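Remember, it's a predicted structure, so these values are computed and weren't measured experimentally.
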Amino acid sequence: MRYLFLFVLSCVCVISCKKDKYTSAPQISYKSIENNFISSTVTNSGPAFVNFELTDAEGDIGFKGKDTAFIFIKNLLTGLSDSLIFPDLNKIASKNFLGVVNASLDKVTKCKSLPGNIIHTDTIYYEIYVKDFAKNKSNIIKTGDPVYFRCQ
């Protein structure tokens, strides 16, 4: 009987602690980094991109006239941060919106220079969050994979 009670209690705890997937504040979760080996010395190395999943109950994400949602990205090595405007998602953003976002890290991919312009490789992680039209701020995620930036 005691084990049955503990089993039922643990099931109730698991069910009651589960977060709702769609909330007024956007929720994001890290997926991956694309092109995570880049170089400042090679002209065609291209920018790195971060992929993350985005959910929002109202679907008030994107760019619509004066209402704009933003992606905020911070380079944890240099402290450099910037914001990106979402594209126009008016045709696809709806209630209980779920999508995967692919954002360029080009504006915040900078390295720490060393004396004598020594070529070296920095390992960079990023923090990311988004704000919707109502200025609801999402949770903050940290990229799970680094960007290796060969710089001078």
Side-chain angles (χ1 to χ4, degrees), residues 8-114 120-152:
V8 170
L9 181 63
S10 63
C11 287
V12 168
C13 287
V14 168
I15 292 169
S16 66
C17 292
K18 183 181 176 192
K19 286 188 172 182
D20 188 12
K21 187 171 186 172
Y22 299 99
T23 60
S24 287
Q27 297 296 311
I28 59 175
S29 61
Y30 173 76
K31 292 292 182 197
S32 64
I33 293 275
E34 292 178 26
N35 193 24
N36 68 333
F37 292 95
I38 58 177
S39 175
S40 68
T41 58
V42 178
T43 56
N44 60 356
S45 70
F49 292 89
V50 63
N51 297 307
F52 58 92
E53 185 177 86
L54 168 68
T55 62
D56 188 57
E58 290 83 18
D60 56 346
I61 293 289
F63 176 78
K64 183 172 61 173
K66 65 179 181 176
D67 286 331
T68 305
F70 289 93
I71 304 168
F72 296 89
I73 303 173
K74 180 179 181 182
N75 178 327
L76 294 177
L77 178 67
T78 63
L80 181 66
S81 60
D82 203 350
S83 61
L84 307 171
I85 297 174
F86 275 95
D88 184 2
L89 302 175
N90 205 16
K91 293 182 174 141
I92 61 170
S94 62
K95 295 218 179 283
N96 294 337
F97 177 77
L98 168 65
V100 175
V101 177
N102 180 276
S104 172
L105 298 171
D106 193 38
K107 288 185 171 183
V108 291
T109 302
K110 304 288 184 225
C111 59
K112 289 191 171 185
S113 50
L114 296 176
H120 65 286
T121 302
D122 279 340
T123 303
I124 307 172
Y125 289 91
Y126 300 87
E127 280 185 350
I128 302 163
Y129 67 92
V130 301
K131 284 189 179 179
D132 62 14
F133 293 161
K135 305 300 181 224
N136 293 318
K137 181 180 174 180
S138 75
N139 56 310
I140 299 172
I141 60 170
K142 180 180 172 186
T143 55
D145 302 309
V147 170
Y148 300 102
F149 187 37
R150 186 164 176 81
C151 54
Q152 185 171 7

Please report the interatomic distance [atom1]([X]) to [atom2]([Y]), rounded to the nearest 0.5 Å.
X      : Y      : atom1 : atom2 : answer
Tyr30  : Tyr126 : OH    : OH    : 11.0 Å
Leu76  : Thr123 : CG    : OG1   : 12.5 Å
Asn136 : Gln27  : CG    : CD    : 10.0 Å
Asn36  : Thr109 : CG    : OG1   : 11.0 Å
Thr143 : Glu127 : OG1   : CD    : 9.0 Å
Asn96  : Glu58  : CG    : CD    : 9.0 Å

- prompt: Which one of Ile124, Leu105, Asp106, Val147 satisfies the side chain to side chain contact (heavy atoms under 4.5 Å, CB included) criterion with Ile38?
  reply: Val147

Which atom pair, heavy atoms only, marks the closest approach of [X] to [Y]?
X      : Y      : answer
Lys131 : Lys137 : CG-CA, 4.0 Å
Ile141 : Ser29  : CD1-C, 4.1 Å
Lys107 : Leu80  : O-CD2, 3.6 Å
Ile73  : Ala103 : CD1-CB, 4.4 Å
Asn75  : Lys110 : ND2-O, 3.3 Å

Can a donor-acceptor pair be found, under 3.5 Å and without considering hydrogens, that links the side chain of [X] to the backbone of [Y]?
X      : Y      : answer
Asp60  : Asp132 : no
Ser138 : Val130 : yes
Thr121 : Tyr148 : no
Asp56  : Phe97  : no
Asn139 : Ile28  : yes
Asn35  : Gly46  : yes

message: Looking at Lys95, I'd like to know if its NZ atom is crowded, meaning that more than 12 non-hydrogen atoms belonging to other residues, nucleotides or ligands lie closer than 6.0 Å.
response: no

message: Test side chain to side chain contact (heavy atoms under 4.5 Å, CB included) on Phe149 and Leu77; report intermediate values, then the result.
response: CA-CA 11 Å; Phe149 187 37; Leu77 178 67; over 6 Å; no

task: Show your working on side chain to side chain contact (heavy atoms under 4.5 Å, CB included) between Tyr22 and Leu98 and close with a plain yes or no.
output: CA-CA 9 Å; Tyr22 299 99; Leu98 168 65; 3.7 Å; yes

All side chain to side chain donor-acceptor pair (under 3.5 Å) counterparts of Asn102, not counting sequence neighbours: Glu34, Asn51

- line: Contacts of Ser104 meeting side chain to side chain donor-acceptor pair (under 3.5 Å) (sequence neighbours excluded), chain-then-number -> none

field: Evaluation steps, side chain to side chain contact (heavy atoms under 4.5 Å, CB included), between Phe86 and Thr68
entry: CA-CA 7 Å; Phe86 275 95; Thr68 305; over 6 Å; no

- prompt: Tyr129: what forms a ring pair (Phe, Tyr, Trp, His ring centres under 6.0 Å) with it, not counting sequence neighbours?
  reply: Phe72

